[in-house]
Amino acid sequence: MEPALTVFFVSLFVLLCVLGILANGFIVLTLSRERLRCGRLLPSDMILLGLGASRFLQQCLGLVYSVYYFFHLVDFSKTLARQLISLHWELLNSSNFWFATWLSVLFCVKIANFSHPAFLWLKWRFPALVPWLLLGSVLISVSVTLLFFWGNFAVYQTFVMNKLSGNMTDKEWNRRLEIHYFMPLKLVTMSIPCSLFLVSILLLIGSLRKHSLKMQNNTHDPQDRSSQVHSRALKSLISFLVLYALSFTSLVIDATVFITADSRWYWPWQIAVYLCMSVHPFILISSNLKLRGMVRRLLLLGRGFWVT
């Protein structure tokens, strides 16, 4: 890749990460303050707090990891530090996918209108299950990370003990392990939350779309406030679906195509991986009453400080 193009993609990646860190940090600080002030949080805010915290940590870790890996490819790729950082990244990444999935399921059971008894039971029981689902998601993520630990330890052993078979190089050994171990593991563990997310978000989009059309036919007023609210909700959900799908696709590509830091696609791929966790927090802030109100207060405070 041309040096100028590399600088552009690196700058865009750093900008995305910094914006994401600020937005996710804002969500964590605002909801933590709300938790300390009120003593409890709504189920949706619990999920947002967990999602914001895991994304904040993952982006801080990913920013340091990606930049250091790019500039110290030969040395860093053979160190135990890289394996440990990768394990923490996999833990946070798995948690992110599960938290985002539970957020979509919660929105679905709260907003969608279906008369099936199973859906009505879930609508009644799901909010109370949120703390246990979050805890279960963390435990599942820890279990998945332990499976990745075994693979990363095997990679590290090949460098430390130099037990490569025949004329196999380090890159060939890593490639073989990616295909036969990491790729099936990533696809299986990520497909479960992604399937739940896809079903819940499509049900919700379909329900909102149907309700919006019904309201438009009844009111005959395209400027009706309720119709505008549903339209904004649909746009928010569709953008969430696109970003989530992009994040999942980038991880599938990561599992099937061995992209190293010397590849021309390394930085575009990094941007695709971190795009969802950088952009989606702003959508969450704009659609959450508490977070939006805090933004207004901060803007008014900043405006008053600037004027004085």
Side-chain angles (χ1 to χ4, degrees), residues 27 31 34-35 38-55 92-144 187-215 226-227 229-248 251 276-277 280-281 283-291:
I27 291 174
L31 295 180
E34 183 72 13
R35 174 67 175 81
C38 300
R40 60 186 296 275
L41 287 174
L42 296 174
S44 58
D45 290 340
M46 290 183 193
I47 300 176
L48 284 178
L49 180 60
L51 183 62
S54 59
R55 282 176 171 175
L92 294 169
N93 187 62
S94 178
S95 299
N96 285 339
F97 270 91
W98 277 107
F99 292 161
T101 296
W102 296 134
L103 186 64
S104 69
V105 173
L106 180 63
F107 287 163
C108 181
V109 299
K110 284 180 63 178
I111 301 173
N113 290 314
F114 297 104
S115 57
H116 195 280
F119 183 82
L120 294 176
W121 178 87
L122 191 62
K123 194 180 189 75
W124 173 58
R125 289 292 301 166
F126 189 82
L129 296 175
V130 165
W132 298 106
L133 291 172
L134 295 178
L135 178 61
S137 300
V138 173
L139 294 178
I140 291 173
S141 300
V142 170
S143 302
V144 171
L187 292 179
V188 170
T189 55
M190 290 293 103
S191 295
I192 297 173
C194 286
S195 299
L196 289 173
F197 172 86
L198 188 62
V199 171
S200 61
I201 206 77
L202 290 179
L203 284 174
L204 181 54
I205 290 174
S207 178
L208 281 175
R209 180 62 179 166
K210 182 179 178 180
H211 188 62
S212 297
L213 292 174
K214 183 178 179 180
M215 292 181 64
S226 203
S227 299
V229 170
H230 281 80
S231 178
R232 286 197 299 268
L234 276 172
K235 292 177 182 177
S236 176
L237 290 171
I238 292 172
S239 63
F240 188 17
L241 175 61
V242 171
L243 289 170
Y244 193 97
L246 179 62
S247 181
F248 178 72
L251 289 174
C276 178
M277 65 183 80
H280 188 236
I283 300 175
L284 293 175
I285 291 172
S286 64
S287 60
N288 185 278
L289 188 61
K290 292 188 185 73
L291 299 174

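Along the sequence shown, residues carry numbers from 1. Only this structure's heavy atoms are used, side chains among them; waters, hydrogens and symmetry mates stay out.
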Original post:
Considering only heavy atoms from C-beta outward, does the side chain of Met277 approach that of Ser247 to under 4.5 Å?
Top reply: no
Original post:
Between CD1 of Ile283 and SG of Cys276, what distance do you get to the nearest 0.5 Å?
Top reply: 8.0 Å
Subject >> Residue pairs, two or more places apart or on separate chains, that pass salt bridge (charged side-chain N to carboxylate O under 4.0 Å, His left out) and touch residues 41-53 >> reply: Asp45-Lys290
Subject >> Atom pair CE (Met46) and CG (Leu31), whose distance is rounded to the nearest 0.5 Å >> reply: 11.0 Å
Subject >> Point-to-point distance, once rounded to the nearest 0.5 Å, from CD of Glu34 to CG of Leu41 >> reply: 6.5 Å
Subject >> Under the side-chain contact (heavy atoms from CB on, under 4.5 Å) test, residues paired with Leu202 that sit two or more places apart >> reply: Leu198, Leu241
**OP:** Sorted by first residue and then second, give each side-chain hydrogen bond (donor to acceptor under 3.5 Å, both in side chains) pair with at least one member in residues 189-199; sequence neighbours left out.
**Re:** none
**OP:** Would you indicate whether the side-chain heavy atoms of Leu284 and Leu103 approach each other to under 4.5 Å?
**Re:** yes
**OP:** Output all residues satisfying ring-ring contact (aromatic ring centres under 6.0 Å, His included) with Tyr244, sequence neighbours left out; order by chain, then residue number.
**Re:** Phe97, Phe197
Subject >> Gap between atom OG1 of Thr101 and atom CD1 of Ile192 - 0.5 Å precision >> reply: 10.5 Å
Donor-acceptor contacts, no H, no angles, side chain residues 130-137, under 3.5 Å, sequence neighbours left out:
residue, atom, partner, partner atom, Å
Ser137, OG, Trp102, NE1, 2.6
Ser137, OG, Leu133, O, 2.7

**OP:** State which residues pass side chain to side chain donor-acceptor pair (under 3.5 Å) with Ser94; sequence neighbours excluded, sorted by chain then number.
**Re:** Ser141
Subject >> Test side chain to side chain donor-acceptor pair (under 3.5 Å) applied to Ser200 - qualifying residues, sequence neighbours left out >> reply: Ser104
Subject >> Check: His280 and Arg55 side chains under 4.5 Å, non-hydrogen atoms >> reply: yes
Report, one line per pair, each donor and acceptor closer than 3.5 Å where one atom sits in a side chain of residues 107-118; sequence neighbours left out.
residue, atom, partner, partner atom, Å
His116, ND1, Ala118, N, 3.0

**OP:** Could you tell me which residues satisfy side-chain contact (heavy atoms from CB on, under 4.5 Å) with Ile140, sequence neighbours excluded, listed by chain and number?
**Re:** Trp98, Val144
Subject >> Spacing of Leu92 atom CG and Ser54 atom OG [to the nearest 0.5 Å] >> reply: 6.5 Å
**OP:** Report the residues that fulfil ring-ring contact (aromatic ring centres under 6.0 Å, His included) with Phe99, sequence neighbours left out, ordered by chain and then residue number.
**Re:** none
**OP:** Starting at CG of Asn288, measure out to OG of Ser44 and round the result to the nearest 0.5 Å.
**Re:** 6.5 Å
**OP:** Search all heavy atoms of Leu106 against all heavy atoms of Ile47 and return the closest pair with its distance.
**Re:** CD2-CD1, 3.9 Å
